[in-house]
Amino acid sequence: MRRKVIAGNWKMNMLPNETISMITELAPKVKDTKNEVILCVPYTDLFYALLTAQGTNIKIGAQNMHFEEKGAYTGEISGSMLRSIGVEYVIIGHSERRQYFGETDETVNKKVKAAFKNGLKPIVCVGETLEQRESGKAFEIITNQTQKALEGLTEDQVANTIIAYEPIWAIGTGKTATNDDANESIKKIRKKICQIYGQNVSERVIIQYGGSMKPTNAKKLLEMSDIDGGLIGGASLKVEDFSAIVNFDR
Ligand code: 13P
């Protein structure tokens with residue numbers, strides 16, 4: 001049985017004082033869950049988040065990283081920098097980064113490799129636009145994105161990658177994929193991984209759903225056969241909402 005992994009993506013929200021109070025309030029509410037709890041916070045909050053989450057079951061992640069180790073890349077943060085302060089996870093290839101910051105399948109693949117090299121666990125985002133969905137290309141798009149992101153990894157690394165299927169039209173829009181549609185897309189991603197890396201790997205890899213997940217729809221989504229967790233934007237900013245999603249099965 002795969003574990004459920006519930007990750008918050010705060011995006012460009014929250015100051016250090018808000019980070020400290022949010023995690024302080026959240027920790028007792030999620031301490032008894034058997035699900036994995038991750039918060040991916042802005043760079044400026046990482047240190048405060050790590051300190052506040054110490055001794056709790058809340059793990060901390062970043063939202064992006066550069067693929068080079070160091071050098072003349074003004075404004076960038078490397079995997080070794082993240083790891084050096086105790087960060088465990090990093091979101092790679094979020095659709096907002098692909099859309100606004102020129103992230104490509106190639107840079108995503110480089111970043112995934114650099115994440116593993118530095119002992120970070122990548123959460124790799126894939127997802128189709130509404131236009132791609134309506135023209136029947138969704139499965140092709142998401143399986144291609146997955147294949148390219150994982151290129152050159154060992155089987156063990158693939159098994160330890162978290163994939164987040166986030167249909168772009170469902171992000172921040174209040175529109176959620178139906179439970180069946182989300183499950184179907186995730187099955188297609190798993191099947192692709194099975195074709196390339198074998199069944200053992202594909203049955204181990206965690207594939208989350210993301211896009212307007214909230215307490216009212218989380219339980220049904222998270223109970224589907226292939227949905228192994230959620231990557232949650234808006235609802236991860238509120239203790240009540242996020243803890244309710246983490247505790248969907250309690
Ligand atoms: P929302 O939950 O706000 O739709 O955001 C989803 C997302 O992009 C998480 O990475």
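We count ligands from 1, going down the list as the structure has it; atoms in each ligand are counted the same way. Throughout, residue positions are numbered sequentially from 1 according to the sequence presented. None of these values were measured; they are calculated from a predicted model.
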query: Applying a strict 4.0 Å limit to heavy atoms, is A235 in contact with ligand 1?
result: no
message: Is A164 close enough to touch ligand 1? Criterion: a residue heavy atom under 4.0 Å from a ligand atom.
response: no
message: Using a 4.0 Å heavy-atom cut-off, which part of I171 comes near ligand 1: side chain, backbone, both, or neither?
response: both
query: Would you say ligand 1 has an N or O under 3.5 Å from any N or O of E96?
result: no
- line: ligand 1 atoms nearer than 4.0 angstrom to some heavy atom of G211 are 4 (O), 6 (C)
- prompt: Under a heavy-atom criterion of less than 4.0 Å, does G210 contact ligand 1?
  reply: no
task: Please check if atom CZ in F116 has more than 12 non-hydrogen atoms from other residues, nucleotides or ligands closer than 6.0 Å.
output: yes
- line: The remaining residues in the hydrophobic cluster of V5, counting side-chain heavy-atom contacts under 4.5 Å among Ile, Leu, Val, Met, Phe, Trp and Tyr, are I38, Y89, I91, I123, I162, I206, L231
message: Can you tell me how far apart CD (Q157) and OH (Y197) are? Round to the nearest 0.5 Å.
response: 9.5 Å
query: Which option out of S236, G233, G172, G127 puts a heavy atom nearest to atom 4 (O) of ligand 1?
result: G172
- prompt: Does ligand 1 have any atom that is closer than 4.0 Å to a heavy atom of K11?
  reply: yes
message: Among all the protein's non-hydrogen atoms, which is closest to atom 9 (C) of ligand 1, and how far away is it?
response: E166 OE2, 2.8 Å
field: Top protein contact for atom 3 (O) of ligand 1, by heavy-atom distance
entry: G234 N, 2.9 Å
task: Below 4.0 angstrom from a heavy atom of A170, which ligand 1 atoms are there? Numbered from 1 as shown, please.
output: 4 (O)
- request: Just jot down the side-chain contact (heavy atoms from CB on, under 4.5 Å) partners of P42, sequence neighbours excluded, or say none.
  value: W10, T44, D45, Q63
message: Taking E128 first and then K137, would you say they form a salt bridge - that is, a charged N and a carboxylate O separated by under 4.0 Å?
response: no
- request: Classify the side-chain pair T33/N35 by whether it contains a donor and acceptor separated by less than 3.5 Å.
  value: yes
K111 side chain vs M65 backbone, donor-acceptor pair below 3.5 Å: yes
- request: Tell me yes or no: between the side chains of N118 and E69, is some donor less than 3.5 Å from an acceptor?
  value: yes
field: Atom indices of ligand 1 within 4.0 angstrom of S212 heavy atoms, with elements
entry: 1 (P), 2 (O), 4 (O)
